[in-house]
Number of protein chains: 2
Amino acid sequence: MTAENRPRRSYATRAAILAAARERFAVDGYERATIRAIARDAAIDPSMVMRYYGSKEKLFAAASELELRLPAADGIPPGEIGTTLVGHFLDHWEADGTLAAMLRVGVTNPAGAERLREVMAQQLGPYVAALCPDPAEAPRRAALVATQMLGVALCRYVLRLPPVADLTRAEIVAWLAPTVERYATAAHP
Amino acid sequence: MTAENRPRRSYATRAAILAAARERFAVDGYERATIRAIARDAAIDPSMVMRYYGSKEKLFAAASELELRLPAADGIPPGEIGTTLVGHFLDHWEADGTLAAMLRVGVTNPAGAERLREVMAQQLGPYVAALCPDPAEAPRRAALVATQMLGVALCRYVLRLPPVADLTRAEIVAWLAPTVERYATAAHP
DNA sequence: CTATGTTGCCAACAGATGTTGACCAACAAC
DNA sequence: GTTGTTGGTCAACATCTGTTGGCAACATAG
């Protein structure tokens with residue numbers, strides 16, 4: 001029997017599959033991202049994908065593990081909450097294709113939508129809860145923030161609506177920060 | 001030769017196909033909306049779809065003709081611009097599956113994305129141009145409005161993020177109207 | 001050395017998909 | 001009645017999909 005903690009040769013392959021899967025899911029969505037294409041990108045045989053991940057759905061589940069790693073909520077001075085949050089989202093989006101993959105897949109695949117709901121509820125929810133006046137309405141405020149942040153992401157990275165895609169990072173932050181901060185903290189309209 | 005203006009019997013079928021296509025595209029997106037399923041919904045043979053629309057892509061093009069029918073831009077008093085615009089979008093979205101179809105398809109299909117870009121540029125663009133201070137920056141302002149409106153639509157009708165889906169129409173209007181009005185008319189942040 | 005588990009490729013399966021062409025029924029025109 | 005057009009069905013096609021099982025190469029254990 002092999003020692004348990006020796007690094008297996010297959011780890012590299014597993015990682016290559018996961019990386020290729022994330023990219024394909026991000027670019028093509030769930031249906032168009034074929035196992036064969038993912039395998040080709042990872043330079044292995046399609047059957048290996050099945051062996052390591054069981055099925056296409058399980059592969060997607062593995063590829064859509066996501067940590068937003070939002071900055072600490074406390075200690076941000078009012079007036080910089082929006083700036084911080086918008087900036088962080090943009091950074092994360094551009095550094096990691098996982099969010100794009102989840103957005104693309106979430107639109108056409110129930111499991112993908114579920115994943116996105118989880119991320120928003122479990123990671124954005126508590127964050128906003130620490131900021132807003134009445135914790136009871138944190139979910140709704142977080143959801144409003146989500147509409148604006150997912151909206152930019154959709155227009156900028158997925159649909160590539162020219163005016164949105166051409167805006168600089170600074171411009172987006174400047175325009176959206178007041179919106180996001182209002183959703184998170186301001187009194188009811 | 002047949003008279004040119006007699007209503008053809010096939011008009012009903014064509015319409016049925018189009019209606020079924022819109023619904024399927026809206027619910028399933030481009031790839032999962034199969035011609036066979038659309039034909040089944042329209043209670044005809046799949047080959048009829050091909051005969052009338054040539055190909056799946058052309059069928060989608062026909063199914064995604066869209067008129068936003070935005071209310072007249074002039075005459076809206078400042079302070080009600082956001083309310084009017086947000087309300088109109090919500091109404092349109094709920095009355096007609098076409099927008100949902102275009103959003104779902106736009107995310108996974110290049111032709112769908114192109115369609116959505118067209119609609120935003122040609123219908124929302126001029127509208128915002130009539131409202132904003134400097135016409136030169138109308139496209140960017142319209143695009144900002146689009147990020148917020150498509151963002152709600154995405155969260156509410158496609159992803160069905162619970163807190164967003166549970167908000168009442170009035171609540172959404174109240175929260176989003178200031179955002180949209182600011183994007184369209186306010187001075188640079 | 002042999003025995004055993006791991007890593008990988010190959011070929012094939014069953015099912016679904018977009019698309020095509022042959023064929024048939026109804027009907028209008030002559 | 002014959003003829004040509006229109007609306008529609010049926011069966012098949014080539015291709016692509018996720019998935020499976022078998023088999024070769026290799027590494028490690030004993």
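Just so you know, these numbers come straight off a predicted model, no measurement behind them. Chain letters run A, B, ... following the sequence lines, proteins first and then strands; every chain starts at 1.
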Would you mind classifying the nucleic acid contact of [X] as base, sugar-phosphate or nothing, using non-hydrogen atoms under 4.0 angstrom?
X: B:S47; result: base
X: B:Y53; result: nothing
X: A:S55; result: sugar-phosphate

When you compare the side chains of [X] and [Y], does any donor N or O come within less than 3.5 Å of an acceptor on the partner?
X: B:Y30; Y: B:E57; result: no
X: A:E31; Y: B:T108; result: no
X: B:T185; Y: B:R141; result: no

Integer-rounded Å distance: [N] [atom2] and [X] [atom1]:
X: B:D45; N: C:dC23; atom1: CG; atom2: C1'; value: 13 Å
X: B:R32; N: D:dT17; atom1: CZ; atom2: C1'; value: 14 Å
X: A:D28; N: D:dG18; atom1: CG; atom2: P; value: 12 Å
X: B:R14; N: D:dG8; atom1: CZ; atom2: P; value: 10 Å
X: A:F60; N: D:dT19; atom1: CZ; atom2: C1'; value: 20 Å
X: A:R40; N: C:dC9; atom1: CZ; atom2: P; value: 14 Å
X: B:L59; N: C:dT17; atom1: CG; atom2: P; value: 15 Å
X: A:Y11; N: C:dT7; atom1: OH; atom2: P; value: 9 Å

Would you say [X] places a side-chain N or O within less than 4.0 Å of OP1 or OP2 belonging to [N]?
X: A:Y52; N: C:dG8; value: yes
X: B:S10; N: D:dG8; value: no
X: A:T34; N: D:dC16; value: no

NZ/NE/NH1/NH2 to OD/OE distance under 4.0 Å, A:D96 and A:R22: no
[X], nearest nucleotide to its side chain (from [options]):
X: A:M50; options: D:dT20, D:dT9, C:dG8; result: D:dT20
X: B:K56; options: C:dT19, C:dC10, C:dT7; result: C:dT19
X: B:I44; options: C:dG8, D:dT9, C:dT17; result: D:dT9

A:R24 (side chain) donor-acceptor with A:I38 (main chain) under 3.5 angstrom: no
DNA chain D: 5'-proximal contact among A:R51 and A:R36 (nearest heavy atom): A:R36
